[in-house]
Every structure is written in C-alpha cells, then in structure tokens.
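Being a predicted model, the structure only gives us computed values, none of them experimental. Position 1 is the first residue of the sequence; numbering continues from there.
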Amino acid sequence: MDDEVIRYKKILEARSADKPIWEKKCLSIEEAAAYSGIGITKLRQLSRQKKCPFVMPLGNQVFIVREKLDRYIKDRDRI
C-alpha cells in the first residue's frame, strides 16, 4: 500500500508542475515574482510583514495566494 501512495503522490506532483502559473491557487515566491513582475527580494520583504494579506505560511515554507496577491496589487498605486 505504501508504494501505491508514493506513486499517487508523484502523479499529483507531476500534474502540479505542468499547471500554468495563472491557474495555480498558491505560488512559491519565485513563481509569484514571475507572475506579478515584482522582484523576489521585494516579495520576500512584503511576505515577512505581519498580517500580510496574500501570504499562507506552511511550516518553514511561504506560499503566495495568487488571487489575494492580485487584489493586493490592484489596490496599490505602487509597491
């Protein structure tokens, strides 16, 4: 049964890797930078702020919620 779970996990990871950035709900910092045009350093700086509206921390990793990032960018004159 463990082999079956591992195979299924690999299939899910492959599907996620093939999905275009604009269809993903959560992005890595690098993906969010490519998607938004905001630099990686600036996104990391923004994501470290308390109550950042578009960040979803998961353990040691930080994910950017794409729709919330879109709203954040739309509501600002400059970043």
Side-chain angles (χ1 to χ4, degrees):
M1 182 113 168
D2 290 331
D3 292 336
E4 185 178 331
V5 171
I6 291 170
R7 268 196 314 270
Y8 184 67
K9 184 179 177 185
K10 288 181 182 180
I11 290 169
L12 290 178
E13 288 171 351
R15 278 190 207 158
S16 178
D18 292 341
K19 195 180 247 188
I21 289 175
W22 58 89
E23 289 184 6
K24 292 183 178 183
K25 292 191 181 281
C26 293
L27 308 172
S28 67
I29 294 283
E30 293 78 12
E31 289 172 329
Y35 172 76
S36 67
I38 301 171
I40 292 172
T41 304
K42 184 65 175 180
L43 276 172
R44 282 198 178 115
Q45 180 186 17
L46 291 169
S47 69
R48 288 185 188 121
Q49 294 176 358
K50 284 188 178 185
K51 297 185 181 180
C52 180
F54 55 82
V55 170
M56 184 177 68
L58 185 63
N60 291 335
Q61 294 180 325
V62 173
F63 290 100
I64 307 296
V65 180
R66 185 183 48 79
E67 292 173 348
K68 290 182 179 183
L69 176 62
D70 287 340
R71 262 186 260 129
Y72 180 84
I73 292 169
K74 182 181 174 190
D75 293 342
R76 304 280 176 304
D77 291 332
R78 60 185 205 149
I79 297 177

> Can you get from Leu58 to Val55 by hopping between Ile, Leu, Val, Met, Phe, Trp and Tyr side chains that sit under 4.5 Å apart?
Replying inline: no

> For the residue pair Ala34 and Ile21, what are the closest heavy atoms and their distance?
Replying inline: CB-CD1, 4.3 Å

> Among pairs that include at least one residue of residues 61-74, which meet salt bridge (charged side-chain N to carboxylate O under 4.0 Å, His left out), considering only residues two or more places apart or in two chains?
Replying inline: Arg66-Asp70

> Which pairs, with at least one residue in residues 46-57 and sequence neighbours excluded, count as a salt bridge (charged side-chain N to carboxylate O under 4.0 Å, His left out)?
Replying inline: none

> What residues, two or more places apart in sequence or in another chain, satisfy ring pair (Phe, Tyr, Trp, His ring centres under 6.0 Å) together with Phe63?
Replying inline: none

>> Within a 6.0 Å radius of atom CD on Glu23, are there more than 12 heavy atoms belonging to other residues, nucleotides or ligands?
In response: yes

>> Grouping I, L, V, M, F, W and Y whenever their side-chain heavy atoms are under 4.5 Å apart, do Leu69 and Met56 come out in a common cluster?
In response: no

>> For Ser36 and Ile64: C-alpha separation, side-chain torsions, deciding distance, then whether side chain to side chain contact (heavy atoms under 4.5 Å, CB included) applies.
In response: CA-CA 11 Å; Ser36 67; Ile64 307 296; over 6 Å; no

> Roughly how far, to the nearest 0.5 Å, is the CD1 atom of Ile40 from the OG atom of Ser47?
Replying inline: 11.5 Å

> Lys42: what forms a side-chain contact (heavy atoms from CB on, under 4.5 Å) with it, not counting sequence neighbours?
Replying inline: Ile38, Gln45, Leu46, Ile79

>> Hydrophobic cluster membership, with links at side-chain heavy-atom distances under 4.5 Å among I/L/V/M/F/W/Y: are Ile29 and Val65 in one?
In response: no

> To the nearest 0.5 Å, how far apart are CZ in Phe54 and CG in Leu27?
Replying inline: 11.0 Å

> Taking only residues two or more places apart in sequence or in another chain, which ones pass ring pair (Phe, Tyr, Trp, His ring centres under 6.0 Å) with Tyr35?
Replying inline: none

